[in-house]
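Structure, as structure tokens:
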Amino acid sequence: MDLEAGSIRPRSDGGGPAAGRETDDSNVWKDLFLAYKTLGVVFGGLVTSPLYVYPSMNLSSPTEADYLGIYSIMFWTLTLIGVVKYVCIALNADDHGEGGTFAMYSLLCRHADIGILPSKRFYAEEDPLLHSQSAIARRPSRLGKFFEQSITARRVLLFVAVLGMCMLIGDGILTPAISAVVEALSAAILIGLFLLQKYGTSNVSFLFSPIMAAWTFTTPIIGLYSIVHYYPGIFKAISPYYIVHFFLRNKRQGWQLLGGTVLCITGAEAMFADLGHFSKKAIQIAFLSSIYPSLVLTYAGQTAYLINNVNDFGDGFYKFVPRPVYWPMFVVATLAAIVASQSLISATFSVIKQSVVLDYFPRVKVVHTSQHKEGEVYSPEINYILMVLCVGVILGFGGGKAIGNAFGVVVIMVMLITTVLLTLVMIIIWRTPLVLAGLYFVPFFIMEGAYVSAVFTKIPEGGWLPFAVSITLAMIMFGWYYGRQRKFEYEMTNKVSLEHLGELLARPEVQRVPGLCFFYSNIQDGLTPILGHYIKNMSSLHTVTIFVSLRPLLVAKVDQSERILINRLGPNGVYGCTVQYGYADNLSLEGGDDLAAQVTSCLQWHIQMDTDGRRSPEEEMAQLEAARLAGVVHVRGKMRFYVGEDAGWFDKIMLGFYEFLHGICRSALPVLGMPLQQRVEIGMLYKV
């Protein structure tokens, strides 16, 4: 069933140097405009962290030296994790423009045989280049070979990726609650925020960016005022000496305070997870030119104020705001705190889409809200589930220290998992020398490991909440994964080869009944076992049967001339058809039998251009036309597990749970404009 398709290449228009300069200028303005829009989506959680960092700390009689040490820790955390790790390194580890832990897992699976499920293959324009690489370039590294040969290592890697994804979603649920000022008002505004998601990230960011821009550019001005007014020498704390002195002086208490200082970097993971909604350059420009300086100056101003008012840390932001601008800043802060949720909402849509594509999460509706950006997505089901959970957390927990403790757990766990996966990408894909990979891994693992050890002490004090959310999500994903793995094993063992299909059709009891049948299958290599089940039980097959599979491409739209690929499978009247589509193509065709008409037209052209010599084109065309006039039917298979009494208890629980998830999730195939009266579903039970 090999298919050949012409590569889909972007059209290039000629132009001289002047045209090149115009393109460069337009790209610069486009990047700057995108950077502005990221303020309303990507950086909301990060840039509003001054609202809750100091109030989340359990300080006891703090001194000037304590505050200088805390500021030094926050400065270097922002610099190392924000600038070095995410902006300079992690943003380059994208998978076709998508970021996040599951995108890195997908990237690893594409470059080494370390996946477990045969996830849906997305084809890109550059894929043919992989085949032209030298054998040495494509040869897996030692670490890659280890993962390929060890099923345990591959399962651990999958668990780590799943945990990172679940923690990120937990982060999204907690973001609105951590900065809630007035719970009821915040909940009402948040519901409105979720109702706006269906309009797409571009429209939402255009609406929210002015709010976040007002926050981003006013807080550092207040910070500068506070520095000049209270403590002009605050920037001496940039010296790591103050970090060492802080831990030597406070010992165990200083280590525990890391659970509060880690919140200064909260939301940084959204830079990577939201990559699919924007561009790498736009995110880098926005962070380095506005977000990073804003946070450094705002925290410096807060710290300068607290050095002169040591016991005001419980309300460390609002008390450092000068009285004349207090109420305007209160309004901006309240709006910014709610809009901050957008960064993790968009990130959640992205990671859910990635996990659905990899077949590790039950199928939900994913809507592409942009014709130009593949990663800009929205999921209605996930949106409303998130809304209920976020509002519940706000009304149940408010913005107290318990939420701060819970928030710290998810923030640093996602970052630690990113560090581990990023190191694997460096070694397995980028082929970074071990010494350089170690120079990245060791310091970041030690720093983030220290943060993890501190926040884990907060689990009984509220840190249990993200773990409860993550465990629930992980159970759903593992139940789905286990069922899909068992289904895949059965399909691969019992798939129908072309030789076996010929044997089945050669049986005397099997009749070829008049009609045109479209038989849908998710299997790219071979034919679904449901076909054998159908032929054996019905003892018939239509005179013209076309096996249809879908092939997603990483382009916006597929040209009509390249959308449908036809090939002859061997037996008389049996063909294979691949429907190629881009992320902006609408597969739910309108107008009755549009798909049948398009495929029939392509098949007629194929018959005329590519005869096998056994039958004349006229005879084959007459057979096709007679079958079409006799009637069209669209057959979709549905395989279910039958868990018998002799099955083990583990299979009974896990496969029963999978069947429940399978029953409530969406179909793997779109409607494709099939008329209702022409649809037939063939069920098949697989006994466990």
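Because only heavy atoms are used, hydrogens play no part in the values below, and waters and symmetry mates are left out as well, while side chains stay in.
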For the atom pair [atom1] ([X]) and [atom2] ([Y]), what is the distance rounded to the nearest 0.5 Å?
X	Y	atom1	atom2	answer
Asp94	Leu275	CG	CG	5.5 Å
Ile566	Thr578	CD1	OG1	8.0 Å
Thr101	Phe272	OG1	CZ	8.5 Å
Ile535	Ile530	CD1	CD1	12.5 Å
Arg431	Ser141	CZ	OG	5.0 Å
Ser355	Arg363	OG	CZ	12.5 Å

Contact check, side chains of [X] and [Y], non-hydrogen atoms, under 4.5 Å:
X	Y	value
Arg563	Asp559	no
Met475	Met654	no
His368	Lys353	yes
Leu541	Leu505	yes
Tyr105	Val162	no
Ile352	Ile169	yes
Trp430	Val425	yes
Arg155	Tyr481	yes

Taking only residues at least two apart or on different chains, which pairs with a member in residues 490-515 satisfy salt bridge (charged side-chain N to carboxylate O under 4.0 Å, His left out)?
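Applying salt bridge (charged side-chain N to carboxylate O under 4.0 Å, His left out) to every pair that reaches into residues 490-515, excluding sequence neighbours, yields Lys487-Glu491, Lys495-Asp525.
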Could you check, using the six-membered ring where one of them is a Trp, whether [X] and [Y] have ring centers closer than 6.0 angstrom?
X	Y	answer
Phe650	Tyr482	yes
Phe547	Tyr575	no
Phe361	Trp480	no

Would you please test Val548 and Phe519 for side-chain contact (heavy atoms from CB on, under 4.5 Å) and show each step? CA-CA 6 Å; Val548 182; Phe519 208 112; over 6 Å; no
For residues [X] and [Y], report the shortest heavy-atom separation together with the two atoms involved.
X	Y	answer
Gly532	Leu504	CA-CD1, 4.1 Å
Leu473	Cys166	CB-SG, 3.5 Å
Val496	Pro529	CG2-CA, 4.3 Å
Val414	Gly164	CG2-O, 3.9 Å
Asn567	Cys577	OD1-N, 4.4 Å
Leu661	Pro362	CD1-CG, 4.2 Å

Would you indicate whether [X], at its atom [atom1], is surrounded by more than 12 heavy atoms from other residues, nucleotides or ligands within a distance under 6.0 Å?
X	atom1	value
Met621	CE	yes
Gln677	CD	yes
Met492	CE	yes

Between [X] (side chain) and [Y] (backbone), is there a donor-acceptor pair under 3.5 Å?
X	Y	result
Asp651	Ala647	no
Glu659	Phe641	yes
Thr545	His542	yes
Ser150	Phe147	no
Gln511	Ser540	no
Ser350	Ser346	yes
Thr543	Gly515	yes

Look at the aromatic rings of Phe660 and Phe657 and report parallel, tilted or perpendicular, splitting at 30° and 60°.
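Aromatic pair Phe660/Phe657 classed parallel.
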Val574 and Asn572: CA distance, side-chain angles, deciding distance, side-chain contact (heavy atoms from CB on, under 4.5 Å) verdict: CA-CA 6 Å; Val574 179; Asn572 177 28; over 6 Å; no
Trace of the side-chain contact (heavy atoms from CB on, under 4.5 Å) decision for Leu157 with Leu424: CA-CA 10 Å; Leu157 180 62; Leu424 294 178; 3.5 Å; yes
Residues that [X] engages under side-chain contact (heavy atoms from CB on, under 4.5 Å), provided they are two or more places apart:
X	value
Ala347	Leu168, Ala273, Asp274, Leu344
Tyr378	Gln197, Lys198, Phe349, Val367, Thr369, Pro380, Asn383, Tyr384
Leu163	Phe159, Met167, Met413, Ile417

Run the side-chain donor-acceptor check on residues 681-688: report pairs under 3.5 Å with partners two or more places apart or on a different chain.
none

Met165 and Gln354: side-chain contact (heavy atoms from CB on, under 4.5 Å), yes or no, with the steps? CA-CA 10 Å; Met165 171 190 160; Gln354 293 161 13; over 6 Å; no
Q | Test side chain to side chain donor-acceptor pair (under 3.5 Å) applied to Asp95 - qualifying residues, sequence neighbours left out | A |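 For Asp95, the residues satisfying side chain to side chain donor-acceptor pair (under 3.5 Å) (neighbours in sequence not counted) are Ser106, Arg110.
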Side chains of [X] and [Y]: do they bring a donor and an acceptor to under 3.5 Å?
X	Y	answer
His277	Thr201	yes
Gln580	Glu562	no
Arg484	Tyr360	no

Fill in: Pair Lys145 + Glu148, salt bridge at N-O below 4.0 Å
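Answer for the salt bridge query: no.
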Review point. Any salt bridge between Glu381 and Lys365, counting N to O under 4.0 Å?
Key: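 Salt bridge between Glu381 and Lys365, a charged N being under 4.0 Å from a carboxylate O: no.
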